[in-house]
Amino acid sequence: MSRMDRNIRFFQEYCPLIIEQLQGWQPHDLVQVVPSRVPGIPTAFYQREAGSFYLHSRYNPIQEAEAWASQQDLDGIRHVIIFGLAFGYHVEALVKRKPNVQLHIYEPDGTVFLASLHDRDWTAFPWQQVRHLAFDGNRPKQEQFLMEMIQQIKDDWTILTIPSVQRCFPEVYSSFQERMKSLRAGYVESLEINIPFQKEWAANALKNLPHILRTDSVFKHRDFFAGQMAIMTASGPSLTEAIPYLRTLKKEKKAIIVAAGTSINALVRHGVSPHMFVSYDPFVNNYKVLQANLDKGIPMVFGSTIYSDIVSEHVGPQAHFILNQDNVYEAIVGGLNTDEVISDAPSIAVVTLQLLYKLGIRKLILAGQDLAFIDDHRYAVGVNEAGYKDGRASEEDRGKYNPVEANDGSTVFTDNSFQVMRQNLEYVIQQIPSGEMEIINTARRGAKIAGTIYSDWESLLALSSDKTPTGKTPLLFPRRSGTSLKPMAKRVEKILDDIYIELKKTVEQLHRFSERCNNGDQDKALKSYQKVLQSLGLLLNHRGFTSLVAYLVRNETHIIQKYLPDAADFDWEEKKRFAFREIPLFLRGVEAALQQLRQGLTEWS
């Protein structure tokens with residue numbers, strides 16, 4: 001049997017993911033395998049426009065790899081991300097030096113590995129230490145690899161690079177470093193954002209459940225929207241200029257007018273009543289902004305994690321949609337159609353755009369979607385009423401201005417929050433299949449949004465739609481009364497009781513571990529530690545926990561799950577740190593979440 005056949009058979013039996021990844025890669029003559037001065041130890045060179053690069057020493061690849069491994073500072077390091085595999089000599093030397101290290105390998109060119117199969121015996125390689133191996137071929141794969149690393153690895157990691165691979169693929173290495181830095185910054189930011197939001201998402205979803213059960217899903221009214229033209233109003237300064245045109249289009253029954261979030265305030269201020277408004281924000285500030293207009297009878301479509309007082313105080317027709325941050329509905333009610341779930345986003349415009357697309361709107365006009373400061377104003381006239389913060393740019397705002405191109409070709413200024421909103425809008429627009437929705441932006445001096453077409457209002461007034469939305473059955477969302485929530489409340493209480501039992505067991509096991517540590521009996525303490533891990537695993541995998549509680553403590557859960565894969569192999573000091581610092585933080589969070597959920601149940605009526 002040839003060496004290549006032996007390698008392939010080995011991978012098929014023990015490492016099938018490697019075989020899967022190699023599908024689609026084709027050998028090419030840029031990689032040449034040549035013998036080194038050491039018998040039986042091949043090396044290779046890679047031919048590029050910039051010249052030939054040896055991937056290992058021409059003389060003694062093993063000695064070179066051992067010298068490299070001896071120079072790496074691995075104190076306190078458990079996980080190593082390695083840029084480059086080549087023929088694996090450097091990785092083998094690293095494992096010899098630190099046998100328990102966990103490896104995450106990114107190989108920038110799969111053809112190098114393909115070339116090695118003929119001359120390199122991979123059956124003795126320490127594959128048991130390899131957690132991840134990615135053969136690159138495109139940017140998305142690099143992003144996926146890096147994001148998995150960031151999500152899974154704690155603070156006990158480092159990045160190492162095979163010097164010859166770095167020299168051979170400098171552009172890929174530069175991209176690798178930059179994306180790692182950028183993705184990690186975004187990951188840290190997302191954890192910080194989750195801290196305030198995570199408590200509100202699940203708590204509001206539970207409080208809103210009675211309203212959800214007594215209202216229609218907006219998707220039951222898809223026929224009203226399908227194939228129509230809609231105008232989505234946003235809160236930007238140009239909304240004021242759009243008001244006369246909105247009046248005309250509504251009077252002539254040419255479009256459905258949908259107010260996104262706080263833009264409802266400006267419309268009411270100027271005497272324009274939209275067909276409906278959409279809101280989803282989980283915080284009290286959203287309630288304060290909208291409160292003055294909740295009694296106007298304007299139909300509201302609310303996201304399931306919205307601040308609950310908005311729903312309870314709103315007067316008029318209501319319909320709902322489920323947000324992806326809401327796991328309460330599926331856990332308690334079930335039967336969720338995933339095609340009707342809307343992804344949470346940093347802007348109501350992004351949420352509303354998703355919703356209108358899924359409802360079947362095929363021509364969408366954006367009004368007030370400036371995403372920029374127009375004459376130093378952030379909002380349209382009327383948006384800032386009801387105690388909302390002033391919409392005029394401050395000196396601090398002006399110090400953070402970023403120039404971007406406007407729809408009319410001029411330069412307009414944005415800030416980081418506007419940039420994030422625009423990027424999210426562009427991402428959602430990019431996901432819409434070509435030809436399924438035409439999006440027209442009317443904000444002449446607003447920031448240009450990729451995927452939209454600019455048009456002035458005069459041109460739009462000439463448009464007509466095949467259907468006249470307000471000429472047929474009015475948009476009415478019926479409410480159902482008399483739905484008893486007692487059986488459902490009892491079911492939730494039972495789930496919370498079961499979770500508390502698992503929580504209590506984990507606390508007891510942790511207390512027993514602490515006692516044995518204090519008594520100096522390390523053997524018995526180690527047995528208790530294993531029981532702590534088992535109990536913790538049962539809690540984390542409890543169906544009620546994963547569906548209800550985990551989303552109230554998503555950061556704590558995320559962190560504890562990063563530790564668990566290595567927790568059994570920690571040294572003694574690491575075990576104690578994990579048991580006495582990380583686990584108690586998690587358990588206290590779970591207990592607080594249970595109390596919050598129980599409080600939410602008391603508000604059902």
Side-chain angles (χ1 to χ4, degrees), residues 139-140 216-234 236 242 245-246 249-250 253-261 263 274-278 280 301 303 319-324 336-371 407 420-443 446-457 459-473 475:
R139 177 67 171 271
D216 279 348
S217 164
V218 68
F219 289 99
K220 285 189 176 181
H221 302 267
R222 189 185 272 109
D223 287 347
F224 179 86
F225 299 92
Q228 299 284 1
M229 179 170 76
I231 301 170
M232 183 179 81
T233 63
Y245 303 104
L246 296 178
L249 286 166
K250 185 177 181 187
K253 301 178 180 179
K254 288 185 175 180
I256 301 170
I257 299 178
V258 180
S263 67
H275 292 87
M276 69 184 201
F277 75 99
V278 181
Y280 81 121
V301 177
H320 68 267
F321 59 93
I322 306 299
L323 283 155
N324 66 331
L336 182 63
N337 182 349
T338 55
D339 291 336
E340 298 177 355
V341 174
I342 303 299
S343 296
D344 197 85
S347 163
I348 181 60
V350 179
V351 169
T352 307
L353 173 60
Q354 294 178 69
L355 182 65
L356 293 177
Y357 168 68
K358 289 194 172 190
L359 285 171
I361 294 296
R362 290 300 172 254
K363 185 185 292 290
L364 182 65
I365 300 169
L366 306 181
Q369 195 66 65
D370 297 278
L371 298 176
N407 285 304
V420 170
M421 292 178 193
R422 180 170 57 83
Q423 289 165 2
N424 274 266
L425 265 177
E426 291 176 341
Y427 175 78
V428 170
I429 292 170
Q430 187 181 32
Q431 305 312 304
I432 297 174
S434 177
E436 288 200 3
M437 178 185 261
E438 181 183 7
I439 304 176
I440 301 169
N441 194 356
T442 62
K448 183 176 286 189
I449 302 171
T452 68
I453 303 167
Y454 170 72
S455 177
D456 58 67
W457 280 107
S459 300
L460 288 174
L461 285 179
L463 291 174
S464 62
S465 59
D466 296 333
K467 300 179 181 179
T468 54
T470 55
K472 57 179 186 176
T473 305
L475 180 59

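Residues S347 and M421 come closest through the heavy atom pair CB-CG, 3.7 Å. Closest approach of S263 to A260, counting heavy atoms only: OG-O, 3.0 Å. Taking all atoms of both residues into account, the shortest heavy-atom contact from N441 to A447 is ND2-O, 4.1 Å. K358 and R222 get closest at one heavy-atom pair: O-NE, 3.3 Å. For I429 against A450, the heavy-atom pair with the smallest separation is CD1-O, 3.9 Å. Taking each heavy atom of V301 and M276 in turn, the nearest pair found is CG2-SD, 3.5 Å.
Considering only heavy atoms from C-beta on, L461 comes within 4.5 Å of L249 through its side chain. At least one side-chain heavy atom of M437 sits under 4.5 Å from a side-chain heavy atom of I361. When side chains are defined from C-beta on, W457 counts as touching L246, because their heavy atoms get closer than 4.5 Å. By the 4.5 Å heavy-atom criterion applied to side chains, T233 and P274 are not counted as neighbours. Within the 4.5 Å cutoff, the side chain of F219 has no heavy atoms near those of the D339 side chain. Side-chain contact between V278 and F321 is present, with at least one heavy-atom pair separated by less than 4.5 Å. Under the 4.5 Å side-chain criterion, counting only non-hydrogen atoms from C-beta, T452 is not in contact with Q369.
Going from atom CD1 of I453 over to atom CD1 of I365 covers 11.5 Å, rounded to the nearest 0.5 Å. Summarising the geometry, atom CD belonging to Q228 is positioned 12.5 Å from atom CG belonging to L364; distances are rounded to the nearest 0.5 Å. A distance of 9.5 Å separates CE of M229 from CD1 of I257, quoted to the nearest 0.5 Å. How far CD1 of I439 is from CD1 of I449: 9.0 Å, rounded to the nearest 0.5 Å. Distance check, rounded to the nearest 0.5 Å: CD1 of I256 to NZ of K363 gives 14.0 Å. Taking CG of L355 as the start and CD1 of I342 as the end, the distance is 5.0 Å to the nearest 0.5 Å.
With hydrogens and angles disregarded, a donor-acceptor distance shorter than 3.5 Å links the side chain of N407 to the backbone of A443. For the pair T352 (side chain) and I348 (backbone), a donor-acceptor distance under 3.5 Å is present. Side-chain atoms of H320 do not come within 3.5 Å of backbone N or O of V218 as any donor-acceptor pair. Although no hydrogens or angles enter the test, the distance criterion places no donor-acceptor pair under 3.5 Å between the side chain of D216 and the main chain of A319. Panel note: side chain E340, backbone L336; no donor-acceptor pair is recorded below 3.5 Å.
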- Message: For a side chain to side chain contact (heavy atoms under 4.5 Å, CB included) check, start with the C-alpha distance between Y454 and K448, then their side-chain angles and the critical distance, and finish with the verdict.
- Response: CA-CA 8 Å; Y454 170 72; K448 183 176 286 189; over 6 Å; no
- Message: With side chain to side chain contact (heavy atoms under 4.5 Å, CB included) as the criterion, how do Q431 and Q354 come out once you've worked through the C-alpha distance, each side chain's angles and the decisive distance to 0.1 Å?
- Response: CA-CA 10 Å; Q431 305 312 304; Q354 294 178 69; over 6 Å; no
- Intermediate values then yes/no, side chain to side chain contact (heavy atoms under 4.5 Å, CB included), Y245 and T442: CA-CA 11 Å; Y245 303 104; T442 62; over 6 Å; no
